[in-house]
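Inspection log for the structure reproduced underneath, given as C-alpha cells.
Here the structure is a predicted model, which is why all the values come from computation and not from measurement.
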Amino acid sequence: MRLPLELVYEILIHVPLSQYAVLYEVLPEDVVHRAIQQKLGRQAGGSPLLQLVSTNVHELAAPCRTPFTKHNESALPLYYERVDLARSVVCLQPGSLAFFEVKDYYVSHGKLVVRHSPAHHRSIASLWDIRCRFLSSKKSSSTTFEMTIHHPNTTNGTPTIALDATCSIDPDSCRLPPRRIIASPWHASANCGYFFVNNLTIHLPDFLALFT
C-alpha cells in the first residue's frame, strides 16, 4: 500500500536533518526537497539555522559575540527565510545586527565560513579578498558597492553557496543599528568599512551536509 504524500511529509517532519541525506537513496529528490521545505517552515522558529563566521576578528568583526565561536572568531546568526524549490536552495537571512566591521589590519589569514557546528562547516571566501575590495574602493568616488561571493563548487553551473552583501566605506552613508561596544584588543585597529550581509543561499544537499 502506498502512503499519501501528505502523510509522508507529516512523518518526515519528525526526522532529524542529520538523517535527511539518506532519504535521497529511497525517495525522489523532489519529495525530499519538499519535505525539507515543510520541516524548516514549521520548525525553524526564532532560532538560527547556521552561522556566518569570520575566523579572525582582526579582519572582520561582528557587533556582538555569539555562542559556539572560538576566541579569535566573530559570527552572525543566519535564520531560515524559505526553500526555493525551483533552484533547490535554502535561503537564509541574518538578524538585525547584520554586518561585520572590516578592519584595516596587517593580518590576512582568516576565512569566511558557513557553520552549523565546529565539525560541520564550509569555507566560502578569504577575508583578505573581501578586505582588498574595500581598500581598492577607497580610490573610488562611490562610498557603497555590492559584493556577491560564490563558493567555487557548482551544481549544474550554479554555485552551491552564494552570499550577497552591501559594502560601505563611509559609516555616515548607512543607517547602522545601535552598536553594543565590547572591550577587546581588535577595536584599536582601524575600521575601513562595513560588510552588510543581505542574504545567503545554499544548495539543499550542501545544506544537509552541514548537519550530517
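Taking every heavy atom of both residues into account, Ala165 and Glu146 meet most closely at O-OE1, 3.4 Å. Considering all non-hydrogen atoms of both residues, Phe100 and Ser54 come closest at CE2-CB, 3.9 Å. Taking all atoms of both residues into account, the shortest heavy-atom contact from Leu127 to Asn56 is CD1-O, 3.9 Å. Ser88 approaches His203 most closely through the heavy-atom pair O-CD2, 3.2 Å. Among all heavy-atom pairs drawn from Val57 and Ser74, the shortest one is CG1-CB, 3.3 Å. Annotation for Ala98 and Gly95: closest pair CB-O, 3.4 Å, computed over non-hydrogen atoms.
Here the options are Leu49, Val89, Ile161, the test is side-chain contact (heavy atoms from CB on, under 4.5 Å), and the partner is Phe207; only Leu49 passes. Checking Leu7, Val32, Leu27 one by one against Leu12, the side-chain contact (heavy atoms from CB on, under 4.5 Å) holds for a single residue, Leu27.
Considering CG of Leu200 and CD1 of Ile124, their distance stands at 5.5 Å, rounded to 0.5 Å. Here Leu40 contributes atom CG and Ile13 contributes atom CD1; the two are 10.0 Å apart, rounded to the nearest 0.5 Å. Taking CZ from Phe195 and OG from Ser168, the interatomic distance works out to 13.0 Å, rounded to the nearest 0.5 Å. Between Tyr194 atom OH and Glu101 atom CD the span is 5.0 Å, to the nearest 0.5 Å. The CD1 atom of Ile130 lies 8.0 Å from the SG atom of Cys167; values are rounded to the nearest 0.5 Å. Atoms CZ and CG, on Arg82 and Asn199 in that order, are 8.5 Å from each other to the nearest 0.5 Å.
Counting only heavy atoms from C-beta outward, the side chains of Leu52 and Leu163 approach each other to under 4.5 Å. Contact of the Thr201 side chain with the Val90 side chain is not registered, since no non-hydrogen atoms from C-beta on lie closer than 4.5 Å. For the pair Leu17/Lys39, a side-chain contact is recorded, criterion being any heavy-atom separation below 4.5 Å from C-beta on. With a 4.5 Å cut-off on side-chain heavy atoms, Val83 and Leu204 count as touching. The shortest side-chain heavy-atom distance between Asp206 and Arg122 falls under the 4.5 Å cut-off. Using a 4.5 Å cut-off on side-chain heavy atoms (C-beta onward), Phe145 and Arg133 make contact. Two residues are said to be in side-chain contact when any heavy atoms from C-beta on lie closer than 4.5 Å; Asp30 and Leu85 fail this criterion. Residues Pro94 and Val197 have side chains in contact (heavy-atom distance under 4.5 Å, counting atoms from C-beta outward).
Hydrophobic clustering of Ile, Leu, Val, Met, Phe, Trp and Tyr side chains at less than 4.5 Å, counting indirect connections, unites Leu76 with Ile202. In the hydrophobic cluster analysis, where Ile, Leu, Val, Met, Phe, Trp and Tyr join through side-chain heavy atoms closer than 4.5 angstrom, Ile149 is grouped together with Leu78. Residue Val15 is grouped with residue Leu208 when hydrophobic side chains (ILVMFWY) are merged at heavy-atom distances under 4.5 angstrom, including chains of intermediate members.
Of the possible donor and acceptor atoms, one in the side chain of His116 sits under 3.5 Å from a partner among the backbone N and O of Leu210. The backbone N or O of Gly110 lies less than 3.5 Å from a partner atom in the side chain of Glu59, making a donor-acceptor pair. Remark: the backbone N or O of Gly193 is not paired with any side-chain donor or acceptor of Lys103 at under 3.5 angstrom.
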Exercise. Passes side-chain contact (heavy atoms from CB on, under 4.5 Å), Asp164 versus Phe196? Steps please.
Worked result: CA-CA 9 Å; Asp164 290 320; Phe196 292 85; over 6 Å; no
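A salt bridge links Glu10 with Arg42: at least one charged nitrogen is closer than 4.0 Å to a carboxylate oxygen. Between Arg131 and Asp129 there is no salt bridge, since no side-chain N of the basic residue sits under 4.0 Å from a carboxylate O of the acidic one.
For residues 8-28, every residue pair satisfying the ring-ring contact (aromatic ring centres under 6.0 Å, His included) rule, not counting sequence neighbours, is listed here: Tyr24-His33.
Between the side chains of Thr55 and Glu73, no donor-acceptor pair of N or O atoms lies under 3.5 Å. Side chains of Asn198 and Thr166: a donor on one and an acceptor on the other come within 3.5 Å.
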